[in-house]
Amino acid sequence: MPAPEPKSTPSGPASRPRPRPTPKVTALLATRAARVHRKAWTAVFAALVLTSVLLGAFALAVASAALGRAPVERYAAADLVVAGDQNTRYTAKPWGSEPETVSAGLTERVRVPAEALGVVRAVDGVERAVADRIFPVGLGGDSVVGRPWDAARLAPFALRDGRAPQGPGEVVVGAGRARTGDRVALRVGGADASYRVVGVAEGPRAAVYFTAGRARDLAGRAGTVDAIGVVAAPGVSAGELYGRVRDAVDEAGLRAAGERAEGDSAGLRVLTGDGRGAAEHLAAAPARATLLGALGAIAGTVVMIAVLVVSSTIAQALRQRGHELGLLRAVGATPRQLRGAVGREVGRVAVAAAAVGAVLAVPAYLGLRALLDARGALPDGLRLPLPPWLLTAPLVTAAVTVLVARVSALFAVSRAAKVRPAEALRESPPGTPRRVTGLVLLGVGVTAAGTAAAQHGQGAAAAASAAAVSLVVACAVLGPWIATGAMQVLGAPMRRFGGPGGRLAAANCTVAAARLGAAITPIVLVTAFSVVQLAAGATLTHEARAQARDAARADLVVRADGGLPSGALDRIRSAPGVAAATEVVHGTVVVARKEAGSPLLERLPVLGVTPERLTRALDPDVREGGLGGLRPGTVAVSSDRARALGAKPGSTVTLRFDDGVAGRLRVVAVYERNLGVGDFLLSRDEVLRHTAGAGAARVLVATDGGSEAVRAVGAAVPGARVDRGAEAVRAAARVEPEDQALGEVVGVTAVGAIGAFTVVAVLSTLTLISIGRRPELTLLRRAGAARAQLRRMLHAEAAAIALTGLAVGLAAALLPLLAFSLSFAGTLPYLPPVQLALIVGVVGATALAGTLPPARRVLRGRYPTG
């Protein structure tokens with residue numbers, strides 16, 4: 001029987017525990033490395049500060065928008081407000097999933113049936129229920145708001161002077177409009193009448209109060225009210241009364257006035273607390289939703305670019321120390337010690353940078369708010385609060401910035417920590433997996449661009465955006481191969497025309513393709529994203545202006561604040577020298593459709609016009625049918641929208657107006673200039689049925705061009721303003737999205753953020769590369785290269801990097817831009833030359849700034865020390 005094998009003792013080699021890396025060793029390595037490589041970490045610090053600033057500013061903006069609300073003013077003394085539901089809904093079943101419902105806000109008032117007033121008054125605990133009616137009034141050339149005096153007590157607006165109106169010919173005006181005893185001429189619905197001022201009220205200056213009966217007659221829309229203000233009886237809380245009123249309204253089966261689309265609920269809302277402001281400022285809720293969507297989209301882009309910039313900057317900072325990290329591994333440093341040391345280094349820099357960025361995020365957010373206010377991008381009724389506790393949001397984004405930096409550092413040092421010490425000193429070229437990944441992303445980008453060209457609307461915009469992102473990331477992954485190919489192309493002219501410096505630059509660029517790929521990537525990023533962001537909006541604006549210029553045939557615009565008097569259009573048409581005149585009013589419709597199987601509600605601006613001799617004043621370029629039959633119940637549709645809806649003359653389309661009412665309209669014409677006059681042309685009377693904007697009507701007048709015609713038109717409508725010139729006509733007839741100003745601000749902010757990020761990335765990457773090349777430049781000086789030759793070499797290298805980055809970035813932007821432009825505008829992309837020159841100038845200046853200053857120490861003096 002064989003003897004048993006001896007067991008190893010605890011002190012034997014097999015059981016001896018491996019030494020664990022001590023924190024002191026890691027801390028020592030991190031401290032020494034941070035001291036030696038201060039300049040490299042300065043570039044990382046700048047990138048992290050910018051990341052923290054932008055993330056903190058957008059976090060404040062998104063949180064403030066999420067808390068945004070409409071202020072309570074007219075109904076401050078009411079405990080509850082009963083109003084119509086200011087949302088329209090559309091339910092559809094996407095491919096292979098459960099039905100989905102989407103909603104869109106309505107900015108025209110959804111009216112309440114008048115019988116709701118009696119139902120609310122009968123509720124136990126209601127002391128008073130007041131019907132409010134709001135309508136436009138012209139007063140002294142200004143547009144003001146008319147209301148019943150009973151509703152003024154819901155604010156409450158008290159009398160400063162005089163008494164309440166008691167007869168149909170008496171009014172109370174806002175302070176500063178008139179004095180008690182004056183007579184004022186008021187225009188409502190085109191009819192002028194004289195009223196005696198019997199009182200002056202507190203509150204808004206742009207308000208006129210009538211008796212309840214007179215306000216009911218002037219407001220029109222019999223059988224409806226705008227809202228009902230409810231005051232609770234003593235001892236009844238608002239919460240208790242809310243439940244009673246809600247139950248009474250539901251039991252009575254009350255619904256908003258007007259016929260809604262199928263599946264679109266039309267119930268009544270009972271508002272309390274801060275929610276009462278939604279019944280006053282109708283545009284606040286849709287604007288808040290649009291603002292949240294826009295800020296969310298740009299914040300997502302900023303986060304993506306921040307991760308790319310931070311990771312590439314950290315990777316470049318560590319790449320310059322590749323031999324040092326390899327040497328540490330060769331002399332016995334464990335992978336854990338290496339990762340720990342680099343993590344501590346980056347952590348120290350990131351914490352300091354994130355803290356600085358968190359402090360600067362508050363003024364950056366205030367600057368964004370000031371820009372929004374200066375451009376009028378938000379309605380007056382939307383308040384964006386900034387409570388003190390919200391100022392902690394930048395601290396959260398600062399922690400995210402630190403986390404991104406630490407994770408990026410771990411990925412950047414992973415190769416040096418994993419390989420064997422003998423291999424750590426050897427630099428390996430990019431491998432096949434990276435090339436395959438880049439080619440796959442390139443294919444995805446091209447496919448997404450093709451999808452964008454085949455679609456329309458938001459689907460095309462989303463596909464174009466995805467194509468741009470995929471192509472930019474593909475260029476970043478394929479950077480070394482792009483740099484190699486570019487240097488092969490640019491090497492010949494540099495050798496031929498650059499002299500000794502050019503030959504040195506060509507040789508260096510050919511050898512260091514991987515290094516140049518890292519420098520080219522951020523330039524591609526800034527060029528592609530900036531060009532896409534700027535050119536997309538510029539293309540639509542440029543084509544819209546061209547179409548509006550071709551469509552506007554009139555040469556005069558007649559308007560009067562508070563509305564034109566009755567019969568003004570007929571008098572203008574009969575004036576000497578007038579060839580044609582059409583009245584134009586602006587409105588909004590909501591189109592329900594499916595996109596990629598999912599339900600979508602799209603808000604579109606529209607024009608309401610009078611069809612008589614319309615094309616002499618406004619020509620939409622009709623291709624099928626005719627505009628002579630444009631009346632209530634009919635519509636003219638643009639060719640693009642007709643293809644999307646499958647519409648043609650004689651067919652019907654269903655539109656939801658901005659007051660929630662749905663209409664089935666017969667198509668009478670299909671026209672071409674959709675960007676100039678909108679996707680739908682409606683009858684003026686049809687639009688006025690669903691809007692309260694009669695005071696905003698304009699008359700476009702085509703004349704024989706003589707000055708006599710201008711005087712005749714002015715004499716036909718005394719007190720009206722007559723504007724002359726093509727720009728005035730285009731401004732009156734132009735259709736613009738409600739969120740155009742917001743989109744412009746968001747676009748400028750996005751370009752600024754992307755530009756700042758990528759300028760930092762280009763500058764830091766080139767600076768780190770130049771710092772790492774100091775020994776090489778010193779050796780060239782000692783070998784006999786003159787300072788002028790080295791400067792020309794550096795100039796040529798900077799020019800080659802900038803030129804390659806710009807060319808590749810423009811190529812990456814051109815494909816998605818082409819698909820977007822053909823889908824939306826049917827034209828080639830357009831970018832203003834000034835903006836293109838600015839992009840080229842910033843890239844060129846940044847490339848030179850990152851190349852020459854870091855090498856200045858080597859270039860001065862006769863005997864460089866390195």
Side-chain angles (χ1 to χ4, degrees), residues 66-89 101 103-134 147-157 203 212 223-258 260 264-289 381-383 385 387 659-660:
L67 297 173
R69 59 180 178 81
V72 184
E73 298 169 346
R74 295 200 305 261
Y75 301 127
D79 295 287
L80 305 175
V81 177
V82 179
D85 187 354
Q86 291 293 143
N87 288 285
T88 183
R89 298 169 182 84
T101 300
S103 64
L106 302 171
T107 57
E108 291 292 339
R109 189 170 298 278
V110 177
R111 304 181 68 79
V112 178
E115 57 264 29
L117 184 61
V119 173
V120 174
R121 282 175 174 168
V123 174
D124 184 29
V126 172
E127 179 180 325
R128 186 169 68 253
V130 180
D132 194 9
R133 292 179 172 89
I134 305 166
R147 297 179 68 201
W149 173 247
D150 291 347
R153 292 181 292 173
L154 297 173
F157 296 142
T224 64
V225 300
D226 285 3
I228 300 172
V230 183
V231 178
V236 179
S237 67
E240 183 180 0
L241 186 61
Y242 171 85
R244 297 176 184 176
V245 172
R246 179 75 271 172
D247 291 342
V249 169
D250 292 341
E251 290 174 3
L254 295 174
R255 296 170 56 84
R260 292 272 187 134
D264 183 14
S265 61
L268 300 181
R269 297 180 298 170
V270 181
L271 308 174
T272 185
D274 291 340
R276 295 169 296 172
E280 303 181 31
H281 306 282
L282 305 182
R288 173 177 167 271
L382 179 61
R383 301 289 185 270
D659 60 352

How many angstroms lie between [atom1] in [X] and [atom2] in [Y], if you round to the nearest 0.5 Å?
{"X": "Leu271", "Y": "Ile228", "atom1": "CG", "atom2": "CD1", "answer": "11.5 Å"}
{"X": "Asn87", "Y": "Arg89", "atom1": "CG", "atom2": "CZ", "answer": "5.0 Å"}
{"X": "His281", "Y": "Arg383", "atom1": "NE2", "atom2": "CZ", "answer": "6.5 Å"}

Looking at every heavy atom in both [X] and [Y], which two are closest together, and how far apart are they?
{"X": "Ala70", "Y": "Ala278", "answer": "CB-N, 4.1 Å"}
{"X": "Ala212", "Y": "Pro148", "answer": "CA-CB, 4.0 Å"}
{"X": "Pro385", "Y": "Gly68", "answer": "CD-CA, 3.8 Å"}
{"X": "Leu106", "Y": "Asp85", "answer": "CD1-O, 4.4 Å"}

With a cut-off of 3.5 Å and sequence neighbours excluded, list every side-chain donor-acceptor pair involving residues 74-82.
{"unit_1": "Tyr75", "atom_1": "OH", "unit_2": "Asp132", "atom_2": "OD2", "d": "2.6"}
{"unit_1": "Asp79", "atom_1": "OD2", "unit_2": "Ala232", "atom_2": "N", "d": "2.8"}

| task | Not counting sequence neighbours, which residues clear salt bridge (charged side-chain N to carboxylate O under 4.0 Å, His left out) with Arg260? List them please. | result |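 Here the qualifying residues are Asp264.
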| task | Output all residues satisfying salt bridge (charged side-chain N to carboxylate O under 4.0 Å, His left out) with Asp250, sequence neighbours left out; order by chain, then residue number. | result |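 So Asp250 forms a salt bridge (charged side-chain N to carboxylate O under 4.0 Å, His left out) with Arg246.
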Could you tabulate the donor-acceptor pairs under 3.5 Å formed by side-chain atoms of residues 110-118, not counting sequence neighbours?
{"unit_1": "Arg111", "atom_1": "NE", "unit_2": "Thr224", "atom_2": "OG1", "d": "2.7"}
{"unit_1": "Arg111", "atom_1": "NH1", "unit_2": "Asp226", "atom_2": "OD1", "d": "2.4"}
{"unit_1": "Arg111", "atom_1": "NH2", "unit_2": "Thr224", "atom_2": "OG1", "d": "3.3"}
{"unit_1": "Arg111", "atom_1": "NH2", "unit_2": "Asp226", "atom_2": "OD1", "d": "3.1"}

| request: Would you please name every residue forming a side chain to side chain contact (heavy atoms under 4.5 Å, CB included) with Ala289, sequence neighbours left out? | output: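 For Ala289 there are no side chain to side chain contact (heavy atoms under 4.5 Å, CB included) partners, ignoring immediate neighbours.
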Residues 119-129 side chain polar contacts: donor-acceptor under 3.5 Å, at least two apart:
{"unit_1": "Arg121", "atom_1": "NE", "unit_2": "Ala129", "atom_2": "O", "d": "3.2"}
{"unit_1": "Arg121", "atom_1": "NH2", "unit_2": "Ala129", "atom_2": "O", "d": "3.2"}

| message | Given 3.5 Å as the limit, does a donor-acceptor pair link the side chain of Glu280 with the main chain of Glu73, or not? | response |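 Between the backbone of Glu73 and the side chain of Glu280 there is a qualifying donor-acceptor contact (under 3.5 Å).
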| Is Phe157 close to Arg147 at the side-chain level, that is, under 4.5 Å between some pair of heavy atoms? |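 Arg147 vs Phe157: side chains touch.
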| Is there a side-chain contact between Gln86 and Arg109 (heavy atoms, below 4.5 Å)? |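 Contact flag for Gln86/Arg109 side chains = yes.
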| field | Electrostatic pair Arg244:Glu240 at N-O distance under 4.0 angstrom | value |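 Yes.
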